[in-house]
Amino acid sequence: MSGHTWRRALVTGGAGFVGSHLCARLLDAGTGVVCVDNLATGSHGNVAELESRRGFRFVRADATDPEAMRGLPGGFDLVLHFACPASPADYLRLPLATLDVGSTGTRNALERARVDGARFVLASTSEVYGDPLEHPQHEGYWGNVNPIGPRSVYDESKRFAEALVTAHRTVHGTDTAIVRIFNTYGPRMRTGDGRAVPTFVAQALDGLPLTVAGDGSQTRSLCYVDDTVDGVLALAASEEAGPVNIGGSDEITVLELAHRIVELTGSTSRIRFVDRPVDDPGRRRPDTRLARERLGWQPRVNWTEGLERTIGWFARAAAA
Ligand code: NAD
């Protein structure tokens, strides 16, 4: 992580998968953390260990509630806006809430940053590129999103949030940054959230068939959560406005991922092919040149190491 430290950070969505890792890392660096989460898709268990640490406070509140956001104990010098259902299973179940947190939630978090004079980082996503017609995806690509497809609630929510952040910077001079995060994996993902890594790991550990969508030839570039957190904090510590892509550089097919997980778990599971979701992107690989050149960031945890750590965590969680 960069040497930069903050006095006090607000992390919306801090009880989620990525948010809880961010909260822990900030506390490690001596930053006080207020974690705001409505637990729509996160869980208190993700931050339970942090509650005994000095400088951490969990507030159960909705980022779309302006009074709750205004009423937080102030003095933030960093606002990380990570609140948003992120897995397809979640945002398809919560379509309106997903649009609300990208619009009203982002607006409230931006206002909080403006009032406190804090640096603001929006967690955006590779999904703003939709089913990309350019490969790999660099930050100058505008994307290929179906605005009325089922996934649009997430993609367009983030695209609108990016527009809002940009307008806030222009109108109010808010010190903003946008990070476009590509698929991230690691401990504290939920097995039922529909994302490939936790689904395959849970299936492999249970000896069940791994359910691969379509023929599994669609690609993903996965990044281990510690590397994603490094990238987010490097961007926060910089003066860059972004958007900046943060993601893994090894592109593999979903079928290859399933085979690797079977191998690393030592499972006897087989592969079962299931229907591919509507508008599921065919290819995904970030161009991370900007992050390398401007932030000095690149992923450090390789596939085998990251998957082994993740599998170990899931195995321990299942045994607990
Ligand atoms: P997650 O679902 O585990 O975490 C999201 C958190 O936000 C949850 O704790 C949820 O309860 C909370 N939340 C949702 N709506 C809220 C609201 N209105 N008010 C307060 N809290 C609310 O998802 P994640 O994978 O940790 O993703 C975190 C952020 O990173 C999201 O903004 C997501 O879009 C972005 N992102 C994640 C990935 C990834 O691969 N994990 C990739 C791209 C972008």
Side-chain angles (χ1 to χ4, degrees), residues 10-24 34-47 58-66 68-69 72 79-109 112 121-129 137 151 153-162 165 178-198 220-229 231-232 235 243-248 281 284 286 306 310:
L10 166 62
V11 183
T12 73
F17 160 51
V18 180
S20 61
H21 287 272
L22 274 169
C23 290
V34 174
C35 158
V36 167
D37 203 298
N38 67 355
L39 303 183
T41 60
S43 85
H44 186 256
N46 283 341
V47 291
F58 172 73
V59 177
R60 184 166 184 175
D62 199 308
T64 65
D65 177 350
M69 292 292 281
L72 293 170
V79 173
L80 302 176
H81 182 42
F82 275 64
C84 184
S87 85
D90 288 334
Y91 61 70
L92 294 174
R93 182 173 55 84
L94 300 166
L96 296 176
T98 302
L99 287 160
D100 284 346
V101 75
S103 50
T104 313
T106 302
R107 187 75 198 259
N108 292 339
R112 189 70 238 201
V121 179
L122 170 72
S124 186
T125 170
S126 53
E127 300 295 327
V128 299
Y129 301 122
Q137 294 82 50
R151 298 172 76 102
V153 293
Y154 183 65
D155 305 1
E156 298 291 14
S157 168
K158 292 292 184 178
R159 288 168 71 95
F160 182 81
E162 288 199 9
V165 167
I178 297 168
V179 57
R180 290 186 181 151
I181 301 170
F182 282 62
N183 297 82
T184 295
Y185 71 101
R188 297 207 280 272
M189 293 185 95
R190 281 174 302 131
T191 47
D193 84 357
R195 292 189 261 198
V197 171
R220 297 292 182 266
S221 305
L222 300 190
C223 190
Y224 188 66
V225 64
D226 287 358
D227 283 331
T228 298
V229 165
V232 170
L235 175 62
V244 176
N245 288 339
I246 291 293
R284 248 303 170 266
T310 308

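Order of appearance sets the numbers: ligands from 1, and atoms from 1 within every ligand.
Not a single salt bridge (Lys or Arg N to Asp or Glu O under 4.0 Å) links Arg60 to another residue, sequence neighbours left out. With sequence neighbours excluded, the residues that form a side-chain contact (heavy atoms from CB on, under 4.5 Å) with Ser20 are Asn46, Val47, Arg188.
None of Ser87, Pro85, Pro95, Cys84 except one satisfies the side chain to side chain contact (heavy atoms under 4.5 Å, CB included) rule with Tyr154; the exception is Cys84. The side chain to side chain contact (heavy atoms under 4.5 Å, CB included) with Lys158 is formed by just one residue from the set Thr98, Thr106, Val153, Val128; it is Val128.
Between atom 44 (C) of ligand 1 and the options Ala86, Ser124, Ala123, the minimum heavy-atom separation is to Ser124. Of the candidates Tyr185, Tyr154, Phe82, Tyr91, the one placing a heavy atom closest to atom 31 (C) of ligand 1 is Phe82.
Taking the six-membered ring for Trp and thresholds of 30 and 60 degrees, Phe58 and His44 have ring planes more than 60 degrees apart, a perpendicular arrangement.
Thr310 is listed as a side-chain neighbour of Val197, based on a closest heavy-atom distance under 4.5 Å. By the 4.5 Å heavy-atom criterion applied to side chains, Arg190 and Thr41 are counted as neighbours. Contact check for Arg151 versus Tyr91: side-chain heavy atoms found under the 4.5 Å cut-off. Counting only heavy atoms from C-beta outward, the side chains of Ser126 and Pro286 never approach each other to under 4.5 Å. Two residues are said to be in side-chain contact when any heavy atoms from C-beta on lie closer than 4.5 Å; Met69 and Thr12 meet this criterion.
Ligand 1 is approached by Lys158 to a heavy-atom distance shorter than 4.0 Å. Residue Ala15 places a heavy atom under 4.0 Å from ligand 1.
A donor-acceptor contact shorter than 3.5 Å is absent between the side chain of His81 and the backbone of Asn108. Asp37 places a side-chain N or O within 3.5 Å of a backbone atom of Ala15 that can act as its donor or acceptor partner.
For Asn38, a nitrogen or oxygen atom sits less than 3.5 Å from a nitrogen or oxygen atom of ligand 1, counting backbone and side chain alike. Every N/O-N/O distance between His81 and ligand 1 stays at or above 3.5 Å. For Arg190, no nitrogen or oxygen atom sits less than 3.5 Å from a nitrogen or oxygen atom of ligand 1, counting backbone and side chain alike. Between Thr41 and ligand 1, an N or O atom pair is found at a separation short of 3.5 Å. The distance criterion of under 3.5 Å between nitrogen or oxygen atoms is met by Asp37 with respect to ligand 1. For ligand 1, the polar-atom distance check finds an N/O of Phe17 within less than 3.5 Å of one of the ligand's N/O atoms. At a 3.5 angstrom cut-off on N or O pairs, Ile181 does not count as close to ligand 1. Checking only distances, Thr125 never comes within under 3.5 Å of ligand 1, N or O to N or O. Residue Thr184 has at least one N or O atom closer than 3.5 Å to an N or O atom of ligand 1. In terms of polar-atom proximity, Ala83 is not counted as a contact of ligand 1, lacking any N or O under 3.5 Å from an N or O of the ligand.
Put simply, OG1 on Thr125 and CD on Glu162 are 9.0 Å apart, with the number rounded to the nearest 0.5 Å. To the nearest 0.5 angstrom, Ile178 atom CD1 is 11.5 Å from Asn245 atom CG.
Within the listing of ligand 1, atoms 19 (N), 20 (C) sit less than 4.0 angstrom from a heavy atom of Ala61. Short contacts between ligand 1 and Leu39, defined as distances under 4.0 Å to a heavy atom of the residue, involve ligand atoms 11 (O). Which parts of ligand 1 touch Ala40 is read off a 4.0 Å heavy-atom cut-off, strictly below it: atoms 11 (O). Every atom of ligand 1 with a heavy atom of Gly42 under 4.0 Å away is listed here by number and element: 8 (C), 9 (O), 10 (C), 11 (O). Of all atoms in ligand 1, numbered sequentially from 1 with element shown, those under 4.0 Å from a heavy atom of Ala63 are 17 (C), 18 (N), 19 (N), 20 (C). In the vicinity of Asn183, heavy-atom distances shorter than 4.0 Å reach the ligand 1 atoms 40 (O).
For atom 18 (N) of ligand 1, the closest non-hydrogen atom on the protein side is Asp62 OD1, 2.8 Å. The protein heavy-atom contact nearest to atom 39 (C) of ligand 1 is Arg195 NH1, 3.5 Å. Looking at atom 26 (O) of ligand 1, its nearest protein heavy atom turns out to be Val18 N, 2.8 Å. Protein heavy atom closest to atom 4 (O) of ligand 1, with residue, atom name and distance, is Gly16 CA, 3.4 Å. Taking atom 14 (C) of ligand 1 as the reference point, the nearest protein heavy-atom neighbour is Cys84 N, 3.5 Å.
Using a 4.0 Å cut-off between charged nitrogen and carboxylate oxygen, Glu156 and Arg159 count as a salt-bridge pair.
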